[in-house]
Amino acid sequence: MSSISEAGVVAAVDKELFIGGKWVPATSGKTFPVLDPSTGEALCEVADASPADGVSALDAAVAAQADWANVAPRERGEILRRAYELLVKRADELALLMTLEMGKPLAESKGEITYAAEFFRWFAEEAVRIGGGYAVAPNGAGRFLVTKQPVGPCLLITPWNFPMAMGTRKIGPAVAAGCTMIIKPAAQTPLSMLALAAILAEAGLPEGVLNVLTTSDSGGVMEPLIRDGRARKLSFTGSTGVGRKLLEQCADKVLRTSMELGGNAPFLVFEDADLDAAVEGAMTAKMRNIGEACTAANRFYVQRGIVGEFSRRLTERMEALPMGRGTEEGVVVGPLIDEAAVEKVSGLVADATERGARVLTGGSTVDGPGNFYQATVLTDVPKDARLASEEIFGPVAPITPFDSEDEAIAAANDTEFGLVSYVYTSDLKRAFRVSERLEAGMIGLNQGLVSNPAAPFGGIKQSGLGREGGTVGIDEFLETKYIAVAL
Ligand code: NAP
């Protein structure tokens, strides 16, 4: 670690666009700054792609598609495996880079690099397991052949909160399936993706298979590519609002879509739960990524008999969390991504307290520099508080008591979102009953973390369409072709 410097890791990144296997400046010559959210200062400038650069990237992805689809699955898998090894080897440098542009503490950034790398290892193994079928037709005369083929050139759009893992969760299966792609990282955190592109090139990914566009005009650059029709799929991770807009754009040329959208996770604690485990799980589900995760516990529903004790213990844990710049030793609460995020969290807390919620700890911004907000616990949060229906995306844990199982489930499901729900109970029958009734794509049962590259990640309702990871993740990048055979 000692040889790694902040300036060094930023300087090592290519800050141009990656198109057709080459680093090129934006045709306009423009750049935009990447800010450190813990200081508000610019770390560097990166190329600012225009719509014309977008078209060049699409041309490159389209030109590379046919040859790439013919590369042997084993070879595609081995490229991913090499990239996995490079990510693991350079985890310290990449973690520091991520902390600088995104703010999360170094230990969490390192955790994300490991998590991100695991998608490459997983899909390196899946590349050689793309199945097919052979069957006798019901009339006995014909035969059915079923095979899978790459969807074609893909557009990938990723958010700032997991700058590396949200990329590898899409790039891994796209590479394994034989698709070419254009990826557009969030303008706030482009450096991790640029570093990843260099690693994939070093691992042997052919020119044009992956193209990276950094831009301050995401809508202006991506909409023409979505509407062009040559890209056959959009895989998006981000907010539900933007997702809805992109789905409309995709309708024009009937693009395949995968949508990993917002969440509003309920965290249910029943009186029969192991309270130590529930508090531990609550800390993980709430504080991973400073609360800036789609899977973050957004609403805590705790059965009345234990709500006092649960709140006391959670408050004690939240109060003890060291806050500071993510690069400092031992820091757990880093800065939020920008000033708007701090304003949003402040507004939600103010709204809840005006409606009767009580602050057990925190509840304030922290004087600058940087976008800091205190780790906060609120209790007696009323149902009509805005944070019961909106993603907080910050270190705030709102607690509401409940009496019956039915009441808890109704409150948990009372949302347009359905990404993940957490349940803590020691009663096996209740565990299954509640898990089955909760409207969510994923359930954390006595567990505060569900993300795993080997599991199908995704939501129902307005949290999204499709799944990433697991054995189904690659299917999002494959078309099924059926060949009717007359014998
Ligand atoms: P966002 O504002 O929706 O942005 C996500 C991405 O979309 C960014 O790259 C953004 O680029 C781009 N974008 C914004 N407007 C666009 C447009 N009109 N056309 C094309 N691209 C556009 O979301 P965010 O604030 O970055 O991320 C937080 C959200 O992501 C939360 O709602 C969170 O729950 C969700 N999320 C979901 C998952 C999941 O797996 N379900 C995982 C992580 C995060 P610019 O920012 O550069 O404009």
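Residue numbers count from 1 along this sequence. Counting starts at 1 for both ligands and their atoms, in listed order.
Counting heavy atoms under 4.0 Å from ligand 1, residue Thr237 touches it through both backbone and side chain. Of all the heavy atoms of Phe457, the ones lying under 4.0 Å from any atom of ligand 1 belong exclusively to the side chain.
Taking a cut-off of under 4.0 Å to the non-hydrogen atoms of Thr158, the atoms of ligand 1 that pass are 6 (C), 8 (C), 9 (O). Close contacts of ligand 1 with Gly219, meaning ligand atoms under 4.0 Å from a residue heavy atom, involve 17 (C), 18 (N), 19 (N). Remark: ligand 1 atoms within the under-4.0 Å shell around heavy atoms of Asn161 are 43 (C), 44 (C). Annotation for ligand 1: atoms under 4.0 Å from non-hydrogen atoms of Leu419 are 41 (N). Of all atoms in ligand 1, numbered sequentially from 1 with element shown, those under 4.0 Å from a heavy atom of Arg169 are 39 (C), 40 (O). Listed by number with element, the atoms of ligand 1 under 4.0 angstrom from any heavy atom of Ala187 are 45 (P), 47 (O). Interface atoms of ligand 1 facing Phe393, defined by a heavy-atom separation under 4.0 Å, are 28 (C), 31 (C), 33 (C), 34 (O). Near Leu246, meaning under 4.0 Å from one of its heavy atoms, ligand 1 places the atoms 19 (N), 20 (C).
In this structure, Phe162 does not count as a contact residue of ligand 1, since none of its heavy atoms falls inside 4.0 Å of the ligand. Not a single heavy atom of Thr295 sits under 4.0 Å from any atom of ligand 1.
Taking the six-membered ring wherever Trp is involved, the centroid distance between the rings of Trp122 and Tyr115 does not fall below 6.0 Å. Residues Phe300 and Phe267 bring their aromatic ring centres within 6.0 Å.
Comparing Val242, Thr215, Asn289 by heavy-atom distance to atom 15 (N) of ligand 1, the nearest is Val242. Considering only non-hydrogen atoms, atom 31 (C) of ligand 1 lies nearest to Glu391 out of Met166, Lys245, Glu391, Glu390. The residue from Ser239, Pro163, Gly441, Gly220 that puts a heavy atom closest to atom 1 (P) of ligand 1 is Ser239. Summarising the contacts of atom 30 (O) of ligand 1 with Pro185, Gly238, Pro159, the nearest heavy atom is found in Gly238.
The nearest heavy-atom contact from the protein to atom 38 (C) of ligand 1 is Cys294 SG, 3.0 Å. Remark: minimum distance from atom 41 (N) of ligand 1 to any protein heavy atom is reached at Leu261 O, 2.8 Å. Scanning all protein heavy atoms for the shortest distance to atom 24 (P) of ligand 1 gives Trp160 NE1, 3.4 Å. In this structure, the protein non-hydrogen atom closest to atom 45 (P) of ligand 1 is Ser218 OG, 3.7 Å. Ranking the protein heavy atoms by distance from atom 12 (C) of ligand 1 puts Ile157 CG2, 3.7 Å first. Nearest protein neighbour of atom 11 (O) of ligand 1, counting heavy atoms only, is Lys184 NZ, 3.0 Å.
Protein heavy atoms are found inside the 4.0 Å sphere centred on atom 9 (O) of ligand 1.
Under the side chain to side chain donor-acceptor pair (under 3.5 Å) test applied with Asp53, the options Asn211, Thr214, Thr27 reduce to a single match, Thr27.
Under a 4.0 Å N-O distance rule, the pair Glu112/Lys104 qualifies as a salt bridge. The pair Glu118-Arg121 counts as a salt bridge, with a side-chain nitrogen and a carboxylate oxygen less than 4.0 angstrom apart. Under 4.0 Å is where a charged nitrogen must lie from a carboxylate oxygen, and between Lys383 and Asp414 no such pair does. Ion pairing between a basic and an acidic side chain is recognised when a charged N comes within 4.0 Å of a carboxylate O; Glu476 and Lys170 show no such pairing.
A donor-acceptor contact closer than 3.5 angstrom links the side chains of Asn264 and Asn298. Checked by atom type, the side-chain pair Asp217/Thr215 shows no donor-acceptor distance below 3.5 Å. A donor and an acceptor atom, one from each side chain of Thr237 and Glu260, are nowhere located under 3.5 Å apart.
Under a cut-off of 6.0 angstrom, the local environment of CD in Glu125 is crowded, with over 12 non-hydrogen atoms contributed by other residues, nucleotides or ligands. The environment of NZ in Lys15 is crowded: more than 12 heavy-atom neighbours from other residues, nucleotides or ligands sit within 6.0 Å.
Considering backbone and side-chain atoms together, Gln188 places no N or O closer than 3.5 Å to any N or O of ligand 1. Residue contacts with ligand 1: Ser463 is placed with no nitrogen or oxygen under 3.5 Å of a nitrogen or oxygen of the ligand (distance criterion only).
When all heavy atoms of Glu439 and Ile460 are compared, the pair lying nearest together is C-CD1, 3.6 Å. In terms of heavy atoms, Ser421 sits closest to Leu438 at CB-CD1, 3.7 Å.
Geometrically, Arg169 engages Phe457 in a cation-pi contact, judged by NZ or CZ lying under 6.0 Å from the ring centre and within 45° of the ring axis.
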